[in-house]
Amino acid sequence: MNDGPLIVQSDKTILLETGHPQATEARHAIAAFAELERAPEHMHSYRITPLGLWNARAAGLDAEQVLDTLLRYSRFPVPHPLLIDIAETMSRYGRLRLEKDPIHGLVMRTTDFPVLEEVMHAKKIAPLLGPRIDAETVVVHSSQRGELKQLLLKAGWPAEDLAGYVDGTPHPIALTSGDADAVDGSGATLGAWSLRPYQAMAVDNFWAGGSGVVVLPCGAGKTIVGAAAMAVSGTTTLILVTNTVSARQWKAELLKRTSLTEAEIGEYSGAAKEVRPVTIATYQVLTTRRGGLFPHLELLNDNDWGLIIYDEVHLLPAPIFRMTADLQARRRLGLTATLVREDGREGEVFSLIGPKRYDAPWKDIEAQGYIAPADCVEVRIDLPQDERMAYAMADDADKYRLCATSESKSAVVERLVEAHSGEQILVIGQYIDQLDELAERLDAPLIKGETSVRKRQQLFEEFRQGIVKTLVVSKVANFSIDLPEASVAIQVSGSFGSRQEEAQRLGRLMRPKADCRTARFYTLVARDTVDADFAAKRQRFLAEQGYAYRILDAADVPGPGIGKATDGTAE
């Protein structure tokens, strides 16, 4: 019997003892194929799923490596049936392959004749297939490449797509790294820079796989990975982003880091409809519906793109999934800080965008100095008697809003803002009336859905320059907003138990600070309510990445000066 940190169980769960000397090493090893489910203080619980195993297989791990990880770190003997099940599940990936045939076009081949027979007789799959060529090969209608992969995944036989890609329209793009005298689009000196080792590895892995997803922490340079992939591709590129502010940040970054000029980059949003060799479009405009149709979705298919980049791929709307099913002949790169989707559609990302090609643990990037260390603090607040009674008597649908917007939170926010006086502070929440009230109390500007793009850009820029010290923001600032000097975030409410939102909000602080100080992420939670339940769910992804939340009672929130510590603890 080993003295390892893992307890591997026959129901496909793994328990990780967090205090064990090998806990961090084991966590990194199992993260490639297992998903964290619960993260209490001493024992984290993971689950092994088929999708996790297939992602690992697509990334180059074989069953022998997965089994070796479990056997090496497990404290007790690993159940033999589980070992067999893992090996058999991973062997399912790639028994069906999509390939290009010089005579018949797109075909599906198998290394296992009965598997091909099984899927050919499936009612939903059969109409997507053409004539049988031989015992191991069948023609596939080229327009059904994406839908077929979706259905095969659901049937438990994920296909390996080796059919290749169209080249797209050539358009040379070069990175401008290494020039100390380089200037950005505004004429400011950019200075010498180069791809970081993990960014170069992410691009290499993506290109070798053809299509797929790169997972990097917020602040670790996902845009640079996109730019480098564009340089390797050397073709026209469509970049899909969450909003107009993000589109303009992408444009500014491409002008800084590549040979592209203003004339070569177009914006396709509610404000502009420019189609150029590199076009940056928002998910919102592409999913605008008119008369039951999505007129702007044609942008995806009406141009000969060589590369399509999906920023924040975990937010991909359903209509984009449907159109992406028709784009399987084009290279597709998904970028995200977390592949967690609250709608459970990770399988569609796998089958339509591609498997995970690169995933860098947050703590590894932090250890290399590329993202800031973070101190996560859960501040627990007692509801006053009248609010407790209102909460107790409320319908279930109203309970979260009542406790999440408690008046008691506002006073704690004020104390935290005072304690971190002089730092760049974000106050983040879900409910607009709560944010309106906080903005007034703090005498701070507020960015919300109705704030114009021009006003948002102005306030973000004033925040970056330090003119605005405290900024109150709604969920519109969750994604793709670059605020490098933000060092404190105070979360007062969120989207229920959203793990990806929690990660993105912490991500607003992850850019390394000029003075190397630790970022502070406070989340305010009403004790003994569903607010606390949702907070526990929200923290799961970050717990998997090695972030531990300190618990602080609201009455113990310290006074001015706590922001000056740099060792991860409050002064």
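Residue numbers count from 1 along this sequence.
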**Item:** Contact summary for Val214 and Ala202, nearest pair of heavy atoms
**Value:** CG1-CB, 3.8 Å
**Request:** Classify the side-chain pair Arg196/Gln368 by whether it contains a donor and acceptor separated by less than 3.5 Å.
**Result:** no
**Request:** Take atom CZ of Arg388 as the centre, draw a 6.0 Å sphere, and report whether it contains more than 12 heavy atoms from other residues, nucleotides or ligands.
**Result:** no
**Prompt:** Ser495 and Glu501: side-chain hydrogen bond (donor to acceptor under 3.5 Å, both in side chains), yes or no, with the steps?
**Reply:** CA-CA 7 Å; Ser495 299; Glu501 182 179 74; 2.9 Å; yes
**Prompt:** Side chains of Leu506 and Gln491: does their closest heavy-atom pair fall under 4.5 Å?
**Reply:** no
**Complete:** To the nearest 0.5 Å, atom CE of Met108 lies from atom CG of Asp161 at 12.0 Å
**Request:** Decide yes or no on side chain to side chain contact (heavy atoms under 4.5 Å, CB included) for Leu148 and Ile125, but give the supporting numbers first.
**Result:** CA-CA 7 Å; Leu148 177 61; Ile125 295 175; 3.7 Å; yes
**Asked** Atom CG in Leu70, atom CD1 in Ile30: separation rounded to 0.5 Å?
**Response** 8.0 Å
**Fill in**
Rounding to 0.5 Å, atoms OH (Tyr93) and CG (Leu153) come to a distance of 10.5 Å
**Pro355 to Ser211 - nearest heavy-atom pair and separation** = CD-O, 4.1 Å
**Request:** May I ask you to say whether Arg520 pairs ionically with Glu423, meaning some side-chain N is under 4.0 Å from a carboxylate O?
**Result:** no
**Message:** Quick one, Lys399 and Leu402 - any side-chain contact, counting heavy atoms below 4.5 Å?
**Reply:** no
**All side chain to side chain donor-acceptor pair (under 3.5 Å) counterparts of Gln9, not counting sequence neighbours** = Thr13
**Item:** Nearest atoms (heavy-atom pairs only) where Leu352 meets Gly146
**Value:** CD2-O, 3.5 Å
**Request:** Side-chain contact test, heavy atoms from C-beta onward, threshold under 4.5 Å: evaluate it for Asp62 versus Met90 and give yes or no.
**Result:** no
**Complete:** In this structure, CG of Leu426 is separated from CG of Leu509 (nearest 0.5 Å) by 6.5 Å
**Prompt:** Is there a donor-acceptor contact under 3.5 Å from the side chain of Thr110 to the main chain of Arg95?
**Reply:** yes
**Item:** Side chain Arg47, main chain Asp11, donor-acceptor under 3.5 Å
**Value:** yes
**Asked** Taking the six-membered ring where the residue is Trp, are the ring centres of His420 and Tyr522 under 6.0 Å apart?
**Response** yes
**Asked** Within a strict 4.5 Å, meaning less than it, do heavy atoms of the Ile490 and Val488 side chains meet?
**Response** yes
**Asked** Between Lys222 and Asp311, is a salt bridge (charged side-chain N to carboxylate O under 4.0 Å, His left out) present by the stated rule, with each step listed?
**Response** CA-CA 9 Å; Lys222 292 187 291 294; Asp311 194 23; over 6 Å; no
**Fill in**
Sequence neighbours excluded, the answer for side-chain contact (heavy atoms from CB on, under 4.5 Å) partners of Ser410 is Glu407, Glu437, Leu438, Arg441
**Request:** List in chain and number order the residues that pass side-chain contact (heavy atoms from CB on, under 4.5 Å) with Glu117, two or more places apart in sequence or in another chain; answer none if no residue qualifies.
**Result:** Phe113, His121, Arg132
**Prompt:** What distance separates Met510 CE from Ile371 CD1, expressed to the nearest 0.5 Å?
**Reply:** 3.5 Å
**Prompt:** Just by distance, with hydrogens left out, do Ser493 and Gln430 show a side-chain donor and acceptor under 3.5 Å apart?
**Reply:** no
**Message:** A side-chain contact here means heavy atoms from C-beta on lying under 4.5 Å apart; do Ser246 and Tyr283 qualify?
**Reply:** no
**Prompt:** When you look at Tyr391 and Val530, which way does the side chain to side chain contact (heavy atoms under 4.5 Å, CB included) test go after all the steps?
**Reply:** CA-CA 10 Å; Tyr391 174 84; Val530 293; 3.6 Å; yes
**Message:** Contact between Phe206 and Val225 at the side-chain level, heavy atoms closer than 4.5 Å - yes or no?
**Reply:** no
**Request:** Could you walk me through whether Ile86 and Phe33 pass the side chain to side chain contact (heavy atoms under 4.5 Å, CB included) test, one step at a time?
**Result:** CA-CA 10 Å; Ile86 289 172; Phe33 57 86; 5.9 Å; no
**Item:** Residue pair Val379 / Ala554: nearest heavy atoms and the distance that separates them
**Value:** CG1-CA, 3.8 Å
**Message:** Rounded at 0.5 Å granularity, tell me how far SG in Cys218 sits from CD1 in Ile365.
**Reply:** 12.5 Å
**Prompt:** Salt-bridged, Arg92 to Glu88, with N to O below 4.0 Å?
**Reply:** no
**Asked** Any chance CE of Met120 has more than 12 other-residue heavy atoms, nucleotides or ligands included, within less than 6.0 Å?
**Response** yes
**Asked** Charged N to carboxylate O below 4.0 Å: is that the case for Arg380 and Asp553?
**Response** no
**Request:** Please check if the side chain of Gln199 supplies one atom and the backbone of Ala220 the other of a donor-acceptor pair under 3.5 Å.
**Result:** yes
**Message:** Looking at Thr89, is its backbone amide N or carbonyl O close enough to the side chain of Trp54 to form a donor-acceptor pair, meaning the two atoms are under 3.5 Å apart?
**Reply:** yes
**Message:** Go through it in stages, so that I can follow the logic: the residues are Arg517 and Ser487, the test is side-chain hydrogen bond (donor to acceptor under 3.5 Å, both in side chains), and I'd like the CA-CA distance, side-chain angles, deciding distance and then a yes or no.
**Reply:** CA-CA 8 Å; Arg517 68 185 179 277; Ser487 59; 3.3 Å; yes
**Prompt:** Should Leu83 and Leu71 be marked as a side chain to side chain contact (heavy atoms under 4.5 Å, CB included) after you check the CA-CA gap, both sets of side-chain angles, and the distance that decides it?
**Reply:** CA-CA 9 Å; Leu83 296 176; Leu71 293 169; 4.3 Å; yes
**Fill in**
Residue set satisfying side chain to side chain donor-acceptor pair (under 3.5 Å) with Glu118, at least two apart, ordered chain then number -> Trp157
**Message:** Can you confirm whether the side chains of Glu502 and Gln539 place a donor and an acceptor under 3.5 Å from each other?
**Reply:** no
**Prompt:** Is a donor on one side and an acceptor on the other found under 3.5 Å between the side chain of Arg75 and the backbone of Pro5?
**Reply:** no
**Message:** Looking at every non-hydrogen atom in both residues, tell me the closest pair between Ser408 and Asp382 and how far apart they are.
**Reply:** OG-O, 3.8 Å
**Item:** Donor-acceptor under 3.5 Å (Arg332 side chain, Gln328 main chain)
**Value:** yes
**Message:** Ignoring hydrogens and geometry beyond distance, is a side-chain donor-acceptor pair present between Tyr549 and Thr523 at under 3.5 Å?
**Reply:** no
**Item:** Pairs involving residues 349-365, ordered by first then second residue, that meet side chain to side chain donor-acceptor pair (under 3.5 Å) (sequence neighbours left out)
**Value:** Lys356-Asp359, Lys363-Glu366
**Prompt:** Who passes side chain to side chain donor-acceptor pair (under 3.5 Å) against Tyr400, sequence neighbours left out?
**Reply:** none
**Asked** Tyr547 and Phe521: aromatic ring centres closer than 6.0 Å?
**Response** no
**Request:** May I ask you to check if Arg57 and Phe350 form a cation-pi contact, with NZ or CZ under 6.0 angstrom from the six-membered ring centre and within 45° of the axis?
**Result:** no
**Side-chain ion pair, Asp531 and Lys409, N-O less than 4.0 Å** = yes
